[in-house]
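A quick write-up on the structure given underneath.
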Amino acid sequence: MMREKRVKEYAFSIRYAVKAGALMLFICVLTAMFAGCGDDVVEDSSNKSDMNNKTGYIRLGQGSLEFDEFEFIFKEDEQRVAELKLTPEEMPNGYYINNPEEKYESFIIDDYAEFIFYDTGNLFVEENAEDKKYSTLDLDEFRKFLYGDSEDSETAARIPFEVTIQDEKVVKIEEIFVN
């Protein structure tokens, strides 16, 4: 009788182990199946929109950017310096901005464009701040920096910028700090 009881307990524990193992296997299979169904972003280069960086001078329209592209030439680019017959006097800070003609292209400014500039006039950063680099998503703040505090100013400061364009819209404008 004792032996029969042990056999039943043994059989029960084997059935339990088999059922538990089957359940664990089923859970593992389900987990593996659903792991690939998440919201993970897989980068697909065929769907990646083109981003283009350009350097130049800018002025603002109503929701648009007028952009005059130029070329930075550094004294280390000896071939380009020779092509343009540049002298050291024309490159006192080690660079030359080549802009033979003003030719403006127009781009729409994205609603979420980022504007990065050096606020040396303390419009938005404190006067004693160590870092004058300022970043904003507010086009009106950027306009105030570019045109000054005056409402009637129509002339943008002649500052070089790097402009990032994605899907034919400006998504970032960053001042190139030169001395």
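Starting from 1, each residue takes its place in the sequence as its number. Just the heavy atoms: all of them, side chains too, but no hydrogens, waters or symmetry mates, feed the values below.
Tyr147 has its side chain within reach of Arg59: a pair of non-hydrogen atoms, C-beta onward, lies under 4.5 Å apart. Annotation: side chain of Ile176 is in contact with side chain of Val178 (closest heavy-atom distance under 4.5 Å).
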Criterion side-chain contact (heavy atoms from CB on, under 4.5 Å) on Ile165 and Val171, from CA distance to verdict: CA-CA 6 Å; Ile165 300 162; Val171 295; over 6 Å; no
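Of the inter-residue distances, the one linking Thr164 atom OG1 with Lys169 atom NZ reads 15.5 Å to the nearest 0.5 angstrom. The distance from atom CD1 of Ile73 to atom CG of Leu86, rounded to the nearest 0.5 Å, is 5.5 Å.
Of all non-hydrogen atoms in Glu90 and Lys85, the two that sit nearest each other are OE1-O, 3.8 Å. Shortest non-hydrogen contact noted between Ser106 and Glu66 is OG-OE2, 3.1 Å. Contact record, Glu175 with Phe145: OE1-CZ, 3.6 Å, taken as the closest heavy-atom pair.
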Run the side-chain donor-acceptor check on residues 91-99: report pairs under 3.5 Å with partners two or more places apart or on a different chain.
{"unit_1": "Asn93", "atom_1": "ND2", "unit_2": "Asn179", "atom_2": "O", "d": "2.5"}
{"unit_1": "Tyr95", "atom_1": "OH", "unit_2": "Asn179", "atom_2": "O", "d": "3.0"}
{"unit_1": "Asn98", "atom_1": "ND2", "unit_2": "Glu71", "atom_2": "OE1", "d": "3.3"}
{"unit_1": "Asn99", "atom_1": "ND2", "unit_2": "Asp68", "atom_2": "OD2", "d": "2.9"}

Could you list the donor-acceptor pairs under 3.5 angstrom formed by side chains in residues 112-119, with sequence neighbours left out?
{"unit_1": "Glu114", "atom_1": "OE2", "unit_2": "Ser135", "atom_2": "OG", "d": "2.8"}
{"unit_1": "Asp119", "atom_1": "OD1", "unit_2": "Asn122", "atom_2": "N", "d": "3.2"}
{"unit_1": "Asp119", "atom_1": "OD1", "unit_2": "Leu123", "atom_2": "N", "d": "2.9"}
{"unit_1": "Asp119", "atom_1": "OD2", "unit_2": "Leu123", "atom_2": "N", "d": "2.9"}
{"unit_1": "Asp119", "atom_1": "OD2", "unit_2": "Phe124", "atom_2": "N", "d": "2.4"}
{"unit_1": "Asp119", "atom_1": "OD2", "unit_2": "Val125", "atom_2": "N", "d": "3.0"}

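The number of heavy-atom neighbours closer than 6.0 Å to CD of Glu76, taken from other residues, nucleotides and ligands shown, is above 12. Annotation: Lys54, atom NZ; neighbour count of heavy atoms from other residues, nucleotides and ligands within 6.0 Å is above 12. Heavy atoms of other residues, nucleotides or ligands lying less than 6.0 angstrom from CD of Glu83 number more than 12.
Side-chain heavy atoms closer than 4.5 Å link hydrophobic residues (I, L, V, M, F, W, Y) into clusters, and following such links, even through other members, never connects Ile108 to Phe67. Transitive grouping of hydrophobic side chains (ILVMFWY, heavy atoms separated by less than 4.5 Å) keeps Val163 and Tyr57 in distinct clusters. A chain of hydrophobic side-chain contacts below 4.5 Å, direct or via other Ile, Leu, Val, Met, Phe, Trp or Tyr residues, connects Leu139 to Ile159.
Ring geometry for Phe72 versus Phe70: interplanar angle over 60°, hence perpendicular rather than tilted (30 to 60°).
Salt bridge present: Lys133 and Glu174 bring a charged side-chain N and a carboxylate O closer than 4.0 Å. Salt-bridge check for Glu141 with Lys144: failed, with every basic side-chain N at 4.0 Å or more from each acidic carboxylate O.
Glu162 and Thr55 share no donor-acceptor pair across their side chains, judged by distance under 3.5 Å alone.
Of the residues listed (Tyr104, Phe107, Phe142), the one engaging Ile58 in a side-chain contact (heavy atoms from CB on, under 4.5 Å) is Phe142, and it is the only one.
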